[in-house]
Asker: 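I have a structure I would like to understand better, so I am pasting it below and will then ask my questions one at a time.
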Amino acid sequence: MRLDKYICDSLGLTRKEATKIIKSGDVTVDGDIQKSGAFKVREQACVEWQERELVKPGPNYIMLNKPEGFVCSQEDDFNHTVYVLFDEPNAYKWHFAGRLDVDTTGLVLMTDDGQWSHRITSPKHKCDKVYRVVLADPMGHDYVEKFAEGIQLRNEKELTKPAYLEVLSEKEALLTIHEGKYHQVKRMFAALGNKVISLHRERIGPIVLDPELEPGEYRYLSDNEISSVFIPKRPEDA
Ligand code: URA
């Protein structure tokens with residue numbers, strides 16, 4: 001985003017007013033004075049005006065590598081919420097594009113753009129999610145077929161939608177699902193008499209968890225990652 005637009009949106013100023021304060025030399029980007037409104041502000045830049053950090057104008061799109069023991073919710077009586085992991089004044093405005101259980105780790109996407117998150121969470125768009133699963137017991141030879149055919153979960157009327165199971169070893173697999181029912185992965189394996197002992201989300205649609213992010217770290221999505229969510233799937237992938 002251009003610096004003058006950043007200042008306009010962040011401080012609620014007109015373009016003329018923003019240009020004036022930029023030219024006055026009071027605006028720094030990552031510690032350097034910037035006097036050009038055309039300066040391109042990178043996603044994670046720190047923009048300050050008179051030595052006060054400005055709130056990054058929305059919409060915001062974030063990927064978090066969720067650690068174990070943190071809940072995807074605004075409040076919780078027993079655990080930390082993931083919001084304590086963000087060093088951003090406006091983080092409380094972001095919502096989840098798909099939550100993870102407290103003991104599940106990996107990719108969580110957050111945003112203040114409801115249309116964008118709807119594209120990910122709405123069943124209509126069948127956005128796929130990939131999980132790395134470690135199980136208590138070895139998988140049966142029929143698991144791949146069972147996941148592909150659909151599994152009957154307790155308290156659900158319909159079978160789960162076809163899911164793709166890639167077996168990595170007798171107790172480890174990558175599972176791709178297109179739904180987001182409550183505790184879905186754990187319930188699918190429970191329905192086959194097995195228990196998930198570790199669950200990690202690696203991908204949501206086209207967005208892959210950045211291997212550079214340690215548990216608890218986050219970053220802003222790139223423009224390509226943001227727009228990739230709106231690129232229609234090929235008919236054969238639907
Ligand atoms: N399925 C689960 O069972 N738990 C999660 O956190 C995500 C998917």
Side-chain angles (χ1 to χ4, degrees), residues 62-86 94-111 116-140 143-144 146-168 171-210 213-218 229:
I62 289 91
M63 86 158 59
L64 166 72
N65 184 0
K66 181 189 158 319
E68 207 178 324
F70 288 75
V71 280
C72 290
S73 117
Q74 288 266 3
E75 284 176 62
D76 192 87
D77 289 339
F78 304 105
N79 299 285
H80 284 302
T81 81
V82 298
Y83 287 94
V84 303
L85 300 168
F86 299 114
W94 305 337
H95 60 267
F96 299 95
R99 295 167 197 258
L100 291 178
D101 297 337
V102 64
D103 55 350
T104 303
T105 58
L107 178 60
V108 170
L109 296 176
M110 297 179 75
T111 182
W116 189 82
S117 56
H118 180 74
R119 184 84 200 184
I120 291 174
T121 54
S122 147
K124 193 176 120 208
H125 295 297
K126 298 189 193 146
C127 180
D128 52 350
K129 274 113 359 197
V130 180
Y131 294 88
R132 183 172 288 266
V133 192
V134 179
L135 296 160
D137 297 311
M139 280 172 273
Y143 271 34
V144 172
K146 288 234 162 90
F147 275 91
E149 283 170 356
I151 291 172
Q152 183 61 58
L153 302 182
R154 282 184 65 183
N155 303 326
E156 299 285 345
K157 287 205 186 89
E158 293 177 4
L159 294 183
T160 55
K161 301 269 182 301
Y164 173 62
L165 187 74
E166 184 188 345
V167 176
L168 303 175
K171 292 185 187 174
E172 188 171 358
L174 289 177
L175 176 65
T176 306
I177 58 174
H178 299 85
E179 305 167 279
K181 291 192 168 70
Y182 183 63
H183 293 329
Q184 175 149 353
V185 177
K186 290 173 188 163
R187 288 165 72 206
M188 288 170 103
F189 283 99
L192 300 181
N194 212 327
K195 187 171 161 47
V196 171
I197 55 172
S198 141
L199 188 57
H200 179 80
R201 185 155 65 195
E202 297 196 341
R203 177 165 72 74
I204 297 176
I207 302 177
V208 178
L209 178 62
D210 187 335
L213 291 178
E214 295 291 334
E217 289 184 342
Y218 67 96
V229 164

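Just follow the structure's listing: the first ligand is 1, and inside any ligand the first atom is 1. All values reported here derive from a predicted model rather than from experimental measurement. Because only heavy atoms are used, hydrogens play no part in the values below, and waters and symmetry mates are left out as well, while side chains stay in.
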Asker: Pick, from Val133, Val102, Leu175, Asp101, the option with the minimum heavy-atom distance to atom 5 (C) of ligand 1.
Answerer: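 The nearest heavy atom belongs to Asp101.
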Asker: Heavy-atom count around Lys186 NZ within 6.0 Å, excluding the residue itself: above 12?
Answerer: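 Result for NZ/Lys186: enclosed.
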Asker: Given side-chain contact (heavy atoms from CB on, under 4.5 Å), test Leu192 with Phe147 step by step and report yes or no.
Answerer: CA-CA 10 Å; Leu192 300 181; Phe147 275 91; 3.7 Å; yes
Asker: Distance only, no hydrogens: is a donor on one side chain within 3.5 Å (strictly under) of an acceptor on the other, for Tyr143 and Asn194?
Answerer: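 Distance-only check passes for Tyr143 and Asn194.
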Asker: Report the C-alpha separation of Ile62 and Leu109 in whole Å, then their side-chain angles, then the decisive distance to 0.1 Å, and conclude whether the side-chain contact (heavy atoms from CB on, under 4.5 Å) test is met.
Answerer: CA-CA 6 Å; Ile62 289 91; Leu109 296 176; over 6 Å; no
Asker: Set out, in order, the CA-CA distance, both residues' side-chain angles and the distance that settles side-chain contact (heavy atoms from CB on, under 4.5 Å) for Glu214 and Asn65, then state yes or no.
Answerer: CA-CA 7 Å; Glu214 295 291 334; Asn65 184 0; 5.6 Å; no
Asker: If you measure every N or O of Leu199 against every N or O of ligand 1, does any of those distances drop under 3.5 Å?
Answerer: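 No, there is no polar N/O contact under 3.5 Å.
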Asker: Do any nitrogen or oxygen atoms of His183 come within less than 3.5 Å of a nitrogen or oxygen of ligand 1?
Answerer: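 So ligand 1 has an N or O lying under 3.5 Å from an N or O of His183.
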Asker: Purely on distance, is any nitrogen or oxygen of Lys186 under 3.5 Å from one on ligand 1?
Answerer: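 Right, the criterion is met.
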Asker: Under 4.0 Å from any heavy atom of Tyr131, which atoms of ligand 1 are there?
Answerer: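 The list of qualifying atoms is 7 (C), 8 (C).
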Asker: Could you tell me whether Tyr218 and Tyr83 have their ring centroids closer than 6.0 angstrom?
Answerer: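 Between Tyr218 and Tyr83, the centre distance exceeds or equals 6.0 Å.
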Asker: Among protein heavy atoms, which sits nearest to atom 1 (N) of ligand 1, and what does the distance come to when rounded to 0.1 Å?
Answerer: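 Minimum-distance protein heavy atom for atom 1 (N) of ligand 1 reads Val185 N, 3.1 Å.
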Asker: As an exercise, identify every atom of ligand 1 less than 4.0 angstrom from a heavy atom of Thr104.
Answerer: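 Near Thr104, the atoms of ligand 1 are 4 (N), 5 (C), 6 (O).
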